[in-house]
Amino acid sequence: MPPIYALVDCNNFYVSCERVFNPALEGRPVVVLSNNDGCIVSRSAEVKALGIGMGVPVFEVKDLIEKYGIQTFSSNYALYGDMSRRVMETLNGFAPEIEIYSIDEAFLNLAGLNKTNLAGYAQNIRATVRRWTGIPVCVGIAGTKTLAKLANRAAKKFSKSGVLDMTIMPAVELDALLSRIAVEDVWGIGPAISRVLKARGIQTALDLRGADIRWIKERFGIVAVRTVLELRGDPCIPLELHRPAKKNICVSRGFSRPVESLAELREAVAAYATRVAEKARRAGLAAGVLTVFVHTNRFRDEPQYSNAASIRLSVATGDTAELIQAAFRGLDSIFREGYRYAKAGVLLGEIVQASRVQPDLFDERDRDRAGRLSKAMDLLNADMGAGTLHYAATGFKRSWQTKFMRRSPRYTTRWNELPAVIAG
DNA sequence: TCTGGGGTCCTAGGACCC
DNA sequence: TCTGGGGTCCTAGGACCC
């Protein structure tokens with residue numbers, strides 16, 4: 001049976017999450033900001049109507065924010081993650097096959113449900129999600145994931161009902177719709193490819209659907225070919241029912257101000273290593289290699305430097321102290337005096353299940369003991385609030401630390417701020 | 001002049017996504 | 001002054017092997 005995909009996508013997800021807990025924001029212009037309160041990453045409809053784009057730096061639209069009284073929020077990922085879980089749990093009841101594609105989107109396979117009125121079913125999904133979670137969503141329905149994406153986009157942009165079913169759309173109407181969608185708005189077509197396409201006169205989704213497959217293959221490779229075939233209604237990208245195991249875990253963050261000293265960089269890198277270790281342990285994973293990277297501010301006209309170093313761990317680990325040590329070794333090897341660093345990160349690779357770690361014959365570390373310590377720290381931090389107990393290497397003053405000046409309360413997660421430290 | 005062919009593994013870089 | 005973070009996949013090229 002050929003698939004019928006419904007793409008359910010939350011409207012302005014982060015903004016909607018803020019509104020659920022602060023209904024006074026309803027109908028008013030609202031944005032959510034990226035880390036360091038730097039860019040706009042979620043916009044309410046009112047803000048989109050003002051012509052403020054996605055990803056725009058806040059300082060560029062400061063005047064508009066003031067003029068229109070736009071409410072600004074720092075991102076609050078604990079809240080959004082929690083709301084996402086609620087939405088996905090609700091969607092689970094509507095189809096036997098579901099792929100959680102991102103924090104705010106899921107593909108459902110509606111084939112086999114024997115629904116004669118798919119649009120009506122989608123309306124039911126919308127209403128239920130709204131009622132149970134407070135989050136508004138739109139639904140696009142089509143025979144391929146790429147078309148379902150476009151259907152969803154069109155539902156958001158052109159329809160009043162918030163639902164668009166392409167499977168029953170007459171060919172003429174479908175063509176008209178595709179001719180209204182710019183080629184760069186097609187899923188899988190980014191800025192680099194769309195630049196080349198446009199130079200060739202391929203401007204819209206409709207143009208791309210009719211493009212010469214051989215040329216596409218030669219010029220852009222197999223991925224772009226799949227996109228074109230999917231536009232033609234030929235499903236090439238299957239539903240992924242089981243989230244594939246993670247291959248990397250990363251924590252990286254820009255600093256609130258330039259950092260020049262190795263001492264401060266070490267604090268930041270220790271803090272990121274701590275966080276990435278927590279993420280790994282929480283997922284029951286361990287890493288065989290750690291990469292640390294730093295770079296200067298590419299937007300500034302000043303000496304630029306960026307580098308990365310990978311450290312192999314003799315035994316795959318998720319232990320904070322061990323990962324901090326490895327991160328220090330890497331950082332010390334790439335640090336260069338005389339630059340203003342803007343950002344650093346710690347990336348774990350060669351991820352394996354912690355329960356299946358290959359022991360090392362000559363291992364001198366007491367892994368049992370280290371594991372118990374980590375576990376105790378995780379429990380305490382979960383109970384008392386993140387960062388309650390931390391390694392001294394991550395610093396105390398932390399004036400480099402990313403700023404979240406306008407974060408909403410942690411409505412759905414516990415939090416308090418009693419600091420404590422252990423030596424290390 | 002002309003210098004095998006085919007396979008695997010690894011890595012870096014580029015492209016994309018939300 | 002101020003410019004996000006965390007991922008994935010594909011490809012090309014080099015090293016190495018028989």
Side-chain angles (χ1 to χ4, degrees), chain A residues 7-14 31-43 53-63 65 72-77 80-81 84 99-107 145-146 149 152-153 183-197 216-227 236-237 240 243-258 272 275-276 279-280 283 289 291 293 295-302 306-308 310 312 340 342-351 402-406:
Chain A
L7 176 64
V8 181
D9 190 322
C10 300
N11 302 351
N12 343 315
F13 183 55
Y14 298 168
V31 294
V32 173
L33 310 179
S34 63
N35 281 349
N36 272 330
D37 296 341
C39 291
I40 292 175
V41 294
S42 182
R43 305 158 293 156
M54 177 71 174
V56 170
V58 173
F59 69 86
E60 282 181 11
V61 290
K62 228 173 164 189
D63 295 350
I65 290 175
T72 60
F73 291 87
S74 303
S75 36
N76 184 345
Y77 292 107
Y80 311 148
S84 174
E99 172 185 345
I100 297 170
Y101 176 69
S102 74
I103 193 163
D104 69 337
E105 289 170 73
F107 288 101
K145 286 168 117 180
T146 303
K149 278 284 226 181
N152 189 289
R153 187 188 172 79
V183 75
E184 67 266 28
D185 292 331
V186 174
W187 189 42
I189 305 299
I193 292 180
S194 65
R195 206 173 328 113
V196 180
L197 289 174
I216 295 283
K217 167 86 174 74
E218 197 178 300
R219 194 70 182 67
F220 309 112
I222 188 70
V223 181
V225 168
R226 282 194 206 117
T227 297
C236 304
I237 306 172
E240 284 179 26
R243 204 112 274 256
K246 272 202 178 154
K247 295 178 177 166
N248 298 294
I249 306 174
C250 182
V251 170
S252 88
R253 223 137 276 165
F255 307 130
S256 54
R257 55 161 176 82
Y272 300 167
R275 186 73 198 95
V276 84
K279 279 187 174 182
V289 61
T291 301
F293 58 89
H295 61 76
T296 48
N297 189 336
R298 68 184 193 281
F299 296 106
R300 293 181 74 119
D301 186 20
E302 57 185 41
S306 77
N307 209 346
S310 294
R312 173 153 298 286
R340 290 154 56 85
K343 184 173 174 176
V346 175
L347 175 83
L348 300 184
E350 295 186 13
I351 301 292
T402 310
K403 288 192 165 52
F404 293 92
M405 297 294 283
R406 301 155 182 283

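Quick note on labels: first sequence line is chain A, next is B, and so on, each numbered from 1.
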Checklist entry - Which atom pair, heavy atoms only, marks the closest approach of A/Thr291 to A/Ala308? => result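 Taking every non-hydrogen atom into account, CG2-CB, 4.2 Å.
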Checklist entry - Of the non-hydrogen atoms in A/Leu347 and A/Asn248, which two are nearest, and what is the gap between them? => result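 Closest approach of A/Leu347 to A/Asn248, heavy atoms only: CD1-CB, 3.9 Å.
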Does [X] put a side-chain nitrogen or oxygen below 4.0 Å from OP1 or OP2 of [N]?
X	N	answer
A/Lys279	C/dG7	yes
A/Asn248	C/dT8	yes
A/Arg226	C/dC9	no
A/Lys246	C/dG7	yes
A/Ser252	C/dG6	yes
A/Asn35	C/dG5	yes
A/Arg300	C/dC2	yes
A/Lys62	C/dT1	no

Next on the checklist: Suppose you measure atom C1' in C/dC16 against the same atom in B/dG4; what distance do you get, rounded to whole Å?
Outcome noted: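 My reading of the C1' atoms in C/dC16 and B/dG4 gives 16 Å.
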Checklist entry - What is the pairing partner of C/dG14, taking Watson-Crick or G-U wobble pairs with both distances under 3.5 Å in any strand? => result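 C/dG14 is paired with B/dC9.
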So what does [X] hit on the nucleic acid, given a heavy-atom distance under 4.0 Å: a base, only sugar-phosphate, or nothing?
X	value
A/Asp104	sugar-phosphate
A/Val251	sugar-phosphate
A/Glu60	nothing
A/Val223	sugar-phosphate
A/Pro191	sugar-phosphate
A/Val186	sugar-phosphate
A/Leu347	nothing
A/Arg257	nothing

Let me know the distance between [atom1] of [X] and [atom2] of [N], rounded to the nearest Å.
X	N	atom1	atom2	value
A/Ile40	C/dG4	CD1	P	12 Å
A/Leu33	C/dG5	CG	P	13 Å
A/Glu184	B/dA15	CD	P	16 Å
A/Arg219	B/dA15	CZ	C1'	13 Å
A/Ile103	C/dT8	CD1	P	16 Å
A/Phe220	B/dG13	CZ	P	23 Å
A/Phe293	C/dG6	CZ	P	8 Å
A/Lys247	C/dC9	NZ	C1'	8 Å

Item to check | Separation of A/Glu99 CD from A/Arg243 CZ (nearest 0.5 Å) | outcome: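 Result: 6.5 Å between the selected atoms.
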Checklist entry - Is the backbone N or O of A/Phe13 less than 3.5 Å from a side-chain atom of A/Asp104, with the two atoms forming a donor-acceptor pair by type? => result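 No.
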Next on the checklist: Test your reading of the model: is there a side-chain donor-acceptor pair from A/Thr146 to the backbone of A/Thr227, 3.5 Å cut-off?
Outcome noted: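 No; zero donor-acceptor contacts below 3.5 Å.
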If you check every side-chain atom of [X], which of [options] has the closest atom?
X	options	value
A/Val41	B/dC16, B/dC18, C/dG4	C/dG4
A/Arg253	B/dC17, B/dC16, C/dG5	C/dG5
A/Lys149	B/dC17, C/dT3, B/dC16	B/dC17

Checklist entry - Which sits closer to the 5' end of DNA chain C, A/Ile222 or A/Tyr14, going by the nucleotide each is nearest to? => result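 On the 5' side of the pair lies A/Tyr14.
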Next on the checklist: On DNA chain C, compare the nucleotides closest to A/Lys217 and A/Ala245; which residue's is nearer the 5' end?
Outcome noted: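 Upstream on the strand: A/Ala245.
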Next on the checklist: Take a 6.0 Å sphere around CZ of A/Arg219 and say whether it holds more than 12 heavy atoms from other residues, nucleotides or ligands.
Outcome noted: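 12 or below, so no.
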Next on the checklist: Using 30° and 60° as the class boundaries, would you call the ring planes of A/Tyr14 and A/Tyr77 parallel, tilted or perpendicular?
Outcome noted: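 A/Tyr14 vs A/Tyr77 ring planes: perpendicular.
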